[in-house]
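These notes are about the structure you will find just below.
All figures in this text were calculated on a predicted structure; none of them were measured in a lab. Just the heavy atoms: all of them, side chains too, but no hydrogens, waters or symmetry mates, feed the values below.
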Amino acid sequence: MLSSMARARDRRRPVLVVEFAKEAQRRTFDRILPEQFLEDRLRIDPLDLSGLADRVVPVPEQATHWAASLVASGGPPRAVLAYCSGAVFAEHLAAALPGDDTVLVVLDPAFPGPEDAEGLLSGFAAAMGAPNLPVPAIAGLPDQQALETAGAFLREALACVAPDLDAVVADELTADRRIWLSFVLSAARARANAPRRPAHVVLSEGATPEAADFRSVHRMPESVTGLFASADVRDLLAGMLETVPSC
């Protein structure tokens, strides 16, 4: 859900960060967002959208939902910050907001393809204790069919280690993984029609941009997680954000 929205009313335009709260190695902008923007900072986790476990919601539809919430709660933010596969969502969200002066900044953007969902399934099965279970080919399936096939596979993987588990409980235990798969499937389809490219891309050491049309690329001598603890990145963001209209 959006956080700090009530406080955002009647103040200067806040900064919105897109983060995944249940990420295994949690990355957050809290340590690199300049202090003057922390108090009014808004946060969206795209995986919080209701219904993702059972339906592949197109990213433009997701973006429209969150943009409407932002506008109803005080207007568009001055900037949207995202990372990894959140970049795809952020591109559509920035385009769905009214006006054209919301700056989009992404760190180490990643743009999933249909094959990435199969890789996730393999990793999920191993983590659930069923590493030898054959992973279904879902890359070429329609999105909703792919999610349903993946859901059946995850329940089968769970049954390998807990054969007597109730079906309702099995659905609950696999919900987070189905939500993540749903998001990856929707992001893979949405990238081809991205309506807005980032104004700034910040890359960790060794990372390479996956698009040639980024307006501004900043390379930093930091690891993937080190970007989110770097004073140099904080200074870089300060320069980007201070130039955006504040009201």
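In terms of heavy atoms, D45 sits closest to A21 at OD2-N, 3.0 Å. Pairing each heavy atom of A130 with each of C160, the nearest pair is CB-CB, 4.1 Å. Minimum heavy-atom separation, P112 to A110: CD-O, 3.5 Å. Nearest approach of P14 to L42, heavy atoms of both residues: CG-CD1, 3.6 Å. Across every non-hydrogen atom of I32 and A229, the tightest pair is CG2-N, 3.8 Å. Closest of all the heavy-atom pairs between A187 and V88 is O-CG1, 3.7 Å.
For D166, the CG atom counts as densely surrounded, since its 6.0 Å shell holds more than 12 non-hydrogen atoms of other residues, nucleotides or ligands.
Counting only residues at least two apart or in different chains, ring-ring contact (aromatic ring centres under 6.0 Å, His included) contacts with residues 215-237 comprise F29-F228, Y83-F228, H200-H218. Pairs passing the salt bridge (charged side-chain N to carboxylate O under 4.0 Å, His left out) check and including a residue from residues 102-125, sequence neighbours excluded, do not occur. A salt bridge (charged side-chain N to carboxylate O under 4.0 Å, His left out) check over residues 134-158, counting only residues at least two apart or in different chains, returns the pairs D143-R189, R155-D171.
With sequence neighbours left out, the side-chain hydrogen bond (donor to acceptor under 3.5 Å, both in side chains) criterion links D176 to K22. Scanning for salt bridge (Lys or Arg N to Asp or Glu O under 4.0 Å) contacts around R177 gives an empty result, with sequence neighbours left out. Partners of E172 by side-chain hydrogen bond (donor to acceptor under 3.5 Å, both in side chains), not counting sequence neighbours: none found. S85 pairs by the side-chain hydrogen bond (donor to acceptor under 3.5 Å, both in side chains) definition with nothing, not counting sequence neighbours. In this structure, S182 has no side-chain hydrogen bond (donor to acceptor under 3.5 Å, both in side chains) partners at least two apart in sequence or on a different chain. Every side-chain contact (heavy atoms from CB on, under 4.5 Å) that P98 has, sequence neighbours left out, goes to V71, P76.
Between atom CG of residue L185 and atom CD of residue Q145 there is a gap of 11.5 Å, rounded to the nearest 0.5 Å. Put simply, CG on L181 and CZ on F153 are 10.0 Å apart, with the number rounded to the nearest 0.5 Å. Interatomic distance, CZ of F183 versus CG of L147, reported as 14.0 Å (0.5 Å rounding). From C84, atom SG reaches atom CD of E23 across 6.5 Å, with rounding to the nearest 0.5 Å. L93 CG to E91 CD: the interatomic distance, rounded to the nearest 0.5 Å, is 11.0 Å.
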Run the side-chain donor-acceptor check on residues 50-60: report pairs under 3.5 Å with partners two or more places apart or on a different chain.
unit_1: D54; atom_1: OD1; unit_2: R178; atom_2: NH1; d: 2.9
unit_1: R55; atom_1: NH2; unit_2: E61; atom_2: OE2; d: 2.8

Expected list for residues 131-141: side-chain donor-acceptor pairs under 3.5 angstrom, two or more places apart:
none

Which atom pairs, one a donor and one an acceptor, fall under 3.5 Å between side chains of residues 230-241 and the rest of the protein, sequence neighbours left out?
unit_1: S230; atom_1: OG; unit_2: E222; atom_2: OE2; d: 3.2
unit_1: S230; atom_1: OG; unit_2: D232; atom_2: N; d: 3.2
unit_1: S230; atom_1: OG; unit_2: V233; atom_2: N; d: 3.2
unit_1: R234; atom_1: NE; unit_2: R31; atom_2: O; d: 3.3
unit_1: R234; atom_1: NH2; unit_2: R31; atom_2: O; d: 3.0

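Between V217 and L203, the closest side-chain pair of non-hydrogen atoms falls below 4.5 Å. Two residues are said to be in side-chain contact when any heavy atoms from C-beta on lie closer than 4.5 Å; I44 and P46 meet this criterion. Looking at heavy atoms from C-beta onward, L81 lies out of side-chain contact with L107 at the 4.5 angstrom threshold. Using a 4.5 Å heavy-atom threshold, the side chains of R13 and T102 count as touching. For the pair V202/L227, a side-chain contact is recorded, criterion being any heavy-atom separation below 4.5 Å from C-beta on. In this structure, the side chains of M220 and S204 stay at 4.5 Å or more apart for every pair of heavy atoms. In this structure, the side chains of T174 and L158 come closer than 4.5 Å at one or more pairs of heavy atoms.
Salt bridge absent: E205 and R219 never bring a charged side-chain N and a carboxylate O closer than 4.0 Å.
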*Can you check salt bridge (charged side-chain N to carboxylate O under 4.0 Å, His left out) on R43 and D30, steps first, answer last?*
CA-CA 10 Å; R43 196 190 321 263; D30 285 356; 3.5 Å; yes

*Go through R41 and L16 one step at a time and tell me if the side chain to side chain contact (heavy atoms under 4.5 Å, CB included) criterion holds.*
CA-CA 6 Å; R41 180 254 293 113; L16 171 71; over 6 Å; no

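Under the 3.5 Å distance criterion, with hydrogens and angles disregarded, a donor-acceptor pair is assigned to the side chains of Q62 and S186.
For an aromatic pair to be called close, the ring centres must be under 6.0 Å apart, and W180 with F20 satisfies this.
Following chains of ILVMFWY side-chain contacts shorter than 4.5 Å, one can reach L173 starting from L120, so the two form part of one hydrophobic cluster.
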